[in-house]
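Values below: every heavy atom of this structure, side chains too, minus hydrogens, waters and symmetry copies. Numbered from 1 within each chain, the chains take letters A, B, ... in sequence-line order. All of these numbers come straight from a predicted model, not from anything done at the bench.
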4 protein chains.
Amino acid sequence: MHLPEKLTAKQERIIESAIRLFAEKGYSNTSTAEIAKAAEVSEASIFKQYGTKDKLLLSLIIPCLKELFPAMADEVLHTVMSKAVTFEDFLRGFLKNRVEFISENREIFQVVIKEIVYKEELKNELLPYLSEIVTSRLSKVIAFFRERGEFIDIPADTILKMLFTFVGGFFVSRFVLLNLRSIDDREIEDAIRFVMDGIRK
Amino acid sequence: MHLPEKLTAKQERIIESAIRLFAEKGYSNTSTAEIAKAAEVSEASIFKQYGTKDKLLLSLIIPCLKELFPAMADEVLHTVMSKAVTFEDFLRGFLKNRVEFISENREIFQVVIKEIVYKEELKNELLPYLSEIVTSRLSKVIAFFRERGEFIDIPADTILKMLFTFVGGFFVSRFVLLNLRSIDDREIEDAIRFVMDGIRK
Amino acid sequence: MHLPEKLTAKQERIIESAIRLFAEKGYSNTSTAEIAKAAEVSEASIFKQYGTKDKLLLSLIIPCLKELFPAMADEVLHTVMSKAVTFEDFLRGFLKNRVEFISENREIFQVVIKEIVYKEELKNELLPYLSEIVTSRLSKVIAFFRERGEFIDIPADTILKMLFTFVGGFFVSRFVLLNLRSIDDREIEDAIRFVMDGIRK
Amino acid sequence: MHLPEKLTAKQERIIESAIRLFAEKGYSNTSTAEIAKAAEVSEASIFKQYGTKDKLLLSLIIPCLKELFPAMADEVLHTVMSKAVTFEDFLRGFLKNRVEFISENREIFQVVIKEIVYKEELKNELLPYLSEIVTSRLSKVIAFFRERGEFIDIPADTILKMLFTFVGGFFVSRFVLLNLRSIDDREIEDAIRFVMDGIRK
DNA sequence: AATGAATGAGGATTCATTCAT
DNA sequence: CATGAATGAATCCTCATTCAT
């Protein structure tokens, strides 16, 4: 995660502690006093830097979102699509890439998910924006493979919805609900198989 | 929802207000004063009835959980399995039944999901219990249809996991994230098709 | 001062303490903790009742203003003017009446003056309103005595301004700057003489 | 205003900002952070220069007081008294001179008045001192014109008090309450007439 | 000489909870 | 039984001030 550079040791401890505590107990159940204590700084230092508790949250969440979603953007997509790969290969690359990213930023991911689910306000601000990004990017990919005749005959945006539902459920259940460190290759393969072929014999 | 019967008007107003507010803003961001005001009772009345704010939450969540998960238990399962239905039929019945139940109890469902995601503590108490219930019940069903040869050749509990992931994502994304009133039949059919056959041609 | 009736003992102690401390140190230099301590109540009790520190201030100031200015309204004015009195008599009655009122409410008067002088915001809200009340009431009186030929030949509103300047300075210097308990009759007579005849032989 | 010479640009910006903000919102409602921001210096610079916020206030107030009151001292008084002028002429010169001075230093005057009214502590330190200065200087003047037979037969210090009350009210109401930039000659003449002859025909 | 970083002490305000009536 | 009154403990946040660089 590319957080603003040139933080002092104390400032780094603040964001570390904040992420850890927000991930563990949720933003609303974490007091600035707790963060200060965990970071071994004064509360005042937190407010000097971030102004409000809310801005502290945003300053953690936003860089994560920027990498979580648009990262799979042009670079990734184009390279993948230019190669002679199947959608299954693309999906495999995508899942492995995102699993790796989330594994490395598991706590921030937890914070992001928890707060999007919990804070109506934040959700309403972010969801349309995220939905737009995801849709616009992925719909190209779907369209690309669809024209190649790789998918069964259902509308592209139905495919998108189902994928989104499953992949979202996949990441959230593993990284947030079960609090797993990572997801192993075997499970990724299970997921890919499920997505590609379903469960019917 | 079978909440304890014989509630006075005031008691009903309290739980209605609590559910509405918890669903909207989350338990942590709702004060007992707000609930009291919305329910047009004194704060003291709430505490007389429920002892603590936490017990109030539990008294809303627990009846919902009891119906949400175990409801699909013996009655449903046995009847379904006894008939000569395919897994697809079972899944259709199950989804429709649960969509109906959640539609009618959307706000409580939102509270349940939000708090399970948010409160590590609550999650740790409930997840093993829920997981046990779901697993024990559904694994019988899976095993039943598996023996009938309806599934591709993957372990039963992999099937269970994938189903759980997808169905959970399905309900949460629609009823919590998107705050939909219900899910129409067409989308249910899309989901069934996705689960059964995946997306590959 | 007619403050809202039916205050509990604690509630009365709150307003007493607030008035005393605001008068002594000014609103901005008095913390709610100090008020609570002086009143021997919890800070929470103050906020339960008044919501904010600002509303507490207003709830002290407004009843005082209502009596301070419009009190000299219809009752006083009409009776005075109906009698065959001179302006000097009217002024004497007015000054004595107001001195008595302020003596009895010296601390609130101090709070009112201090905050009007100090808080731009409060001043801008109150001054136009007060000015309107004073002007509309007193200009009638001035006009009345002016037609009787009691005044030298200067515009009525010049007389009003000079009176306001002097009487304001009189009350503020004595009751606020010098913190006097009251103003004795001799000084009132000096003031009347000054207003009526100036200082030139 | 003769503030200490040789101020660097930064130091000037500090006192300008401080005066402006103190005049506008009052000392207690102005933070050193605000001053630093307005002056475009670091807070630390303010404290390096002035030690404490209180000393900053005093360093603004004291030079003003020195010119506001004693300025009318020896030079002014003697010259005026030596000429064959009436008290009315003296008063006219005095008022015009003070109006000019305050007009040019309106904001500092506002700070001085506001803080004297507001801070019991400051008031108690300054009032006896100021009163002594004013009394000792002006009582000579009053005595001078009194012996010339210009005044009606009331004690000199009663005249002094009334003058002080009116002139104080005059300046404060115009420059502080109404926040006027200056006072025009017509109003000064009205004031002089009022002081000299009162309002009785 | 100037400042960015840091903070202890205190600021107003909110909260879940208790209890006498 | 219901509630108005009351509160201790916490919450987020601000402030004047210090100090190493």
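- B:Lys37 places its NZ atom 12 Å from the P atom of E:dT14, with the value rounded to the nearest Å.
- In this pair, B:Phe109 and B:Phe175 present their aromatic rings perpendicular. The plane angle is above 60°, beyond the 30 to 60° band.
- Between D:Glu120 and C:Lys114 there is a salt bridge, since a side-chain N of the basic residue sits under 4.0 Å from a carboxylate O of the acidic one.
- Between D:Tyr27 and C:Ser28 the shortest side-chain heavy-atom distance does not fall below 4.5 Å.
- Between D:Lys10 and E:dT3, a side-chain N or O to OP1/OP2 separation shorter than 4.0 Å is present.
- Protein atom OH of C:Tyr50 is 16 Å distant from nucleotide atom P of E:dA12, rounded to whole Å.
- An OP1 or OP2 oxygen of F:dA6 is reached within less than 4.0 angstrom by a side-chain nitrogen or oxygen of C:Thr8.
- E:dT21 is paired with F:dA2 under the Watson-Crick or G-U wobble criterion, all donor-acceptor distances under 3.5 Å.
- The side chain of C:Lys53 lies closest to E:dA12 when the candidates are F:dA5, F:dA16, E:dA12.
- Remark: B:Glu34 engages B:Lys25 in a salt bridge, criterion side-chain N to carboxylate O under 4.0 Å.
- Across the protein-nucleic acid pair, B:Glu34 atom CD and E:dT17 atom P stand 15 Å apart, rounded to whole Å.
- Of the side-chain N and O atoms in A:Ser31, one or more sit less than 4.0 angstrom from OP1 or OP2 of F:dT11.
- The distance from atom NZ of C:Lys55 to atom P of E:dT13 is 9 Å, rounded to the nearest whole Å.
- Considering only the side chain of C:Glu43, E:dT13 comes nearest among E:dT3, E:dT13, F:dC12.
- If you take CD1 on B:Ile15 and CD on B:Gln49, they are separated by 10.0 Å, rounding to the nearest 0.5 Å.
- In this structure, B:Gln49 places its CD atom 11 Å from P of F:dT3, rounding to the nearest Å.
- Across all strands shown, E:dA1 has no partner, as no Watson-Crick or G-U wobble contact with both distances under 3.5 Å is found.
- Residue D:Ile14 contributes atom CD1, which lies 8 Å from atom P of E:dA2 at whole-angstrom precision.
- Between C:Thr52 and D:Val41, the residue anchored closer to the 5' end of DNA chain E is D:Val41, taking for each the nucleotide with the nearest heavy atom.
- Checking F:dA6, F:dC19, F:dT3 against the side-chain heavy atoms of D:Ala44 singles out F:dC19 as nearest.
- In the set F:dA5, E:dA6, E:dA16, the nucleotide with an atom closest to the side chain of C:Lys48 is E:dA16.
- Summarising the local packing, CD of C:Glu16 is surrounded by more than 12 heavy atoms from other residues, nucleotides or ligands at distances under 6.0 Å.
- Rounded to whole Å, atom P of F:dT11 lies 10 Å from atom CG of A:Asn29.
- Comparing atom distances between the A:Phe47 side chain and each of E:dT14, F:dC12, F:dT3 picks out F:dC12 as nearest.
- Residue-level contact check: C:Ser28 touches neither bases nor backbone, having no heavy atom under 4.0 Å from any strand.
- Atom P of nucleotide E:dT3 and atom CD1 of D:Ile35 are separated by 15 Å, given to the nearest angstrom.
- Comparing E:dA2, F:dA5, F:dT7 by their nearest atom to the side chain of C:Gln11 picks out F:dA5.
- Among the nucleotides E:dA6, E:dA20, E:dA12, the one closest to the side chain of C:Thr32 is E:dA12.
- Proximity of D:Ser42 to the phosphate of E:dT3: a side-chain N or O atom is located under 4.0 Å from OP1 or OP2.
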